[in-house]
Amino acid sequence: MTGTKKQRIDALAESTVDKPEDSGVSLAASAWRRLRRNPAFLVGAVITVLFVAVALISPWLAPHDPAARDLADQVVKARNEIPPAQPGHPLGGDPQGRDFLSRLLVGSQQTLMVGVFATLIGLAGGLVLGTLAGALGGWVDSVVMRAVDVMLSVPSLLLAVSISALFARPSQFTVIIAVAIVQIPIFARLLRGSMLAQRGSDHVLAARSLGVRPGAIVFRHMLPNSLGPVIVQATLVLATSIIDAAALSFLGLGNPDDSVPEWGQMLGGSQQVIDSHPALSFWPAGCIIVVALGFTLIGESLRDALDPKNRR
Amino acid sequence: MLRYVVRRLLQLVVVILVLSLLLFAWLRSLPGGPVSALLGERATEESRRALTAQLGLDQPIFVQYFRFLGRALSGDFGNSTGVAPGSTAMEVFSQRFPATIELSVLAIIIAVLLGIPLGYLAARRRGGWFDNLSVIGSLIGVAVPVFFLAFLLKYLFAVQLGWLPSAGRQTSGIDATRVTGFFVLDGIMTQEWDAALDALLHLILPAMALATIPFAVIFRITRAAVLDVLDEDYVRTAESKGLTTPVVRRRHVLRNAMLPVVTTIGLQTGALLAGAVLTERVFGYPGVGEALAIGFERRDYPVLQLLIIIAAMVYVLVNLLVDVSYALIDPRIRTR
């Protein structure tokens, strides 16, 4: 965990590359054995399972339609009045008079979508670039890596801001794209690092001397062995992408259409009224913090479990 | 070593040049543009065209870029069109840069003064309640959206309790003498103690918000590094040859554990700008981060170009410094 951002990525890439000669137990099996005993992993897993479950069943869980302005008659814009908690609406309403609890519950769906899609797109981009650079080497490697360096030279939030500014109309889609692109160089560098670390390793040498085609070596031997660090990073990115999406909403670059709620958008949009109605910020913030913590706990314990130094 | 530094500096020049070209094309492909931002939606076609020509935006993009490069070499980065119309981009930078530096330095000081001792203590009491509690705390610190934390601090300490000012760098009534642009330093140099104290009070809340993530990271790195070192053979050797515990801790554990911590501090300093964009926005703090946020809203090309390029340069240079210091401290790295 030391050195520059680049070195940290590279170190993660090397540290979790499977070295088959280590022992008779497969890395996955021994990692799983350690994970099961790790309380941090268990807490993270419980949070994540709950989050995904709520997201899946929230349309049936929510007492009201999150887009319906049931309490609109209690909203007084001029006096900054927002419907308070009342029977049937335990958390009251939002500034538009919609049931806040329902929005919070249903908001988990879009939040999960932002996290998952931003991670998948970042991962896909990084996989392509990283595999190209790591497998082909030479000038392809140089070109890809210089491009990655340029992207890494800009602080990540600034990069996300400049990407989302590119779209005339911000939407959920532009938020996901902006957050995802920021992750591409990190995944690319990570994958390239662990591919390079394997190039000279015995199992690749063995495959090559057996006459396995280069394509098959890359996809059947090198890529599967490089996935450990990528999975760790992906779990951590699930957390950061949800937080980054909230930051974009706060800066006015989020999805302006709030008929389908999302926690980051709810949090970013409620900052103007935080002095008078702090609960409108606290609830979505609390949800984001807990979910981000859950993903981070899983990611960190995966990293520990996959680290060959910890194998016993 | 020298050759390595020179090679890295040359790489830096290439990265910055490529970045400046990409940034230039990128900004100009953004929807809207400074003309709409300056004149509004209802301006006549004629006045739009006149302003476009006046800003040089009617030229082909490569002409614009090389004109920009030529002027930039003589220190002219153009005039601000949105953040502070009437000033040059360089003036915007030189007014706001000290503000952000002041904020970042205080944030890093807070993060270091809390992160290193707590990380060391946590490692010494590994597995105890203090260790577990502070590890959980540091994980939550990374999971909290920075801007929300900033609002929380502002709400609690400025709005509810009224202990600290909620916005700006200096109370408007105070007539302080400006020397360096660093308000706290200015107050101390001119011995205007009330002005220095006032500026410092304005810094506390934004610095605390900005310090959270670096604090969490420095804490965790310190803890991990101390744990690593405690396992080392030379610590056992030192203990077994009868050295007292304080001596072992000071000379062998802390000194060796500080290597990764020092580099982490450097890196976190480089990455502070992203957090500053959010924190400065919440506190209406007139620094580089706020200028970037406003610059994007109003499509202020010259200011954005200058600030982003400088941000990238600082970031890459800090990375280089970290690499160099690493190689200087740890001889094993030099041979790579």
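Note on naming: letters A, B, ... go to the chains in the order of the sequence lines (proteins, then strands), and numbering restarts at 1 for each one.
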- Would you say the side chain of A/Val179 lies within less than 4.5 Å of the side chain of A/Val114, judging by non-hydrogen atoms?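 No, too far: nothing below the 4.5 Å cut-off.
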- Can you tell if the side chain of B/Val14 reaches within under 4.5 Å of the side chain of B/Val18, non-hydrogen atoms only?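 Yes, close enough: below the 4.5 Å cut-off.
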- Keeping the roles fixed (side chain from A/Ser108, backbone from A/Leu104), state whether a donor-acceptor pair exists under 3.5 Å.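 Such a contact is absent between A/Ser108 side chain and A/Leu104 backbone.
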- Message: Tell me if a side-chain donor or acceptor on B/Thr100 pairs with a main-chain N or O of B/Val288 at a distance below 3.5 Å.
- Response: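 Yes; judged by distance alone, with no hydrogens or angles, the pair exists.
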- Query: Does the ring center of B/Tyr155 lie less than 6.0 Å from the ring center of B/Phe151?
  - Reply: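 Judged by ring-centre distance (under 6.0 Å), B/Tyr155 and B/Phe151 do not meet the cut-off.
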[X]: partners by salt bridge (charged side-chain N to carboxylate O under 4.0 Å, His left out), with sequence neighbours left out:
X	result
B/Glu290	B/Arg96
B/Arg298	none
A/Arg146	A/Asp149

Which answer fits [X], side chain, backbone, both or neither, if we ask what part of it has an atom under 4.5 Å from a heavy atom of chain B?
X	value
A/Leu297	side chain
A/Ala239	neither
A/Ser162	both
A/Phe295	neither
A/Thr296	side chain

Engaged part of [X] at the chain A interface, taking heavy atoms whose separation is under 4.5 Å:
X	value
B/Ile140	both
B/Leu12	neither
B/Val142	backbone
B/Val316	side chain

- Part of residues 284-293 of chain A lying next to chain B, heavy-atom separation under 4.5 Å: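 Within residues 284-293 of chain A, the residues under 4.5 Å from chain B are A/Ala285, A/Ile288, A/Ile289, A/Ala292, A/Leu293.
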- Any chance you could measure B/Leu304, atom CG, to B/Leu23, atom CG, to the nearest 0.5 Å?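 Rounded to the nearest 0.5 Å, the CG-CG separation comes to 7.5 Å.
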- Going through the distances and angles, do A/Phe51 and A/Trp263 end up as a ring-ring contact (aromatic ring centres under 6.0 Å, His included)? CA-CA 13 Å; A/Phe51 171 54; A/Trp263 291 342; 5.5 Å; yes
- Item | Largest heavy-atom contact set with chain A, pairs under 4.5 Å, which of B/Lys154, B/Gln11, B/Arg281 |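 Looking at each option in turn, the highest pair count goes to B/Arg281.
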- Task: Give the ring-plane orientation class for B/Phe157 versus B/Trp163, where under 30° counts as parallel, over 60° as perpendicular and anything between as tilted.
- Result: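 Tilted: the ring planes of B/Phe157 and B/Trp163 meet at 30° to 60°.
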- Item | Pick from A/Ala40, A/Ala147, A/Ala247 with the largest number of heavy-atom pairs that fall under 4.5 Å of chain B |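 Counting heavy-atom pairs under 4.5 Å, the top option is A/Ala247.
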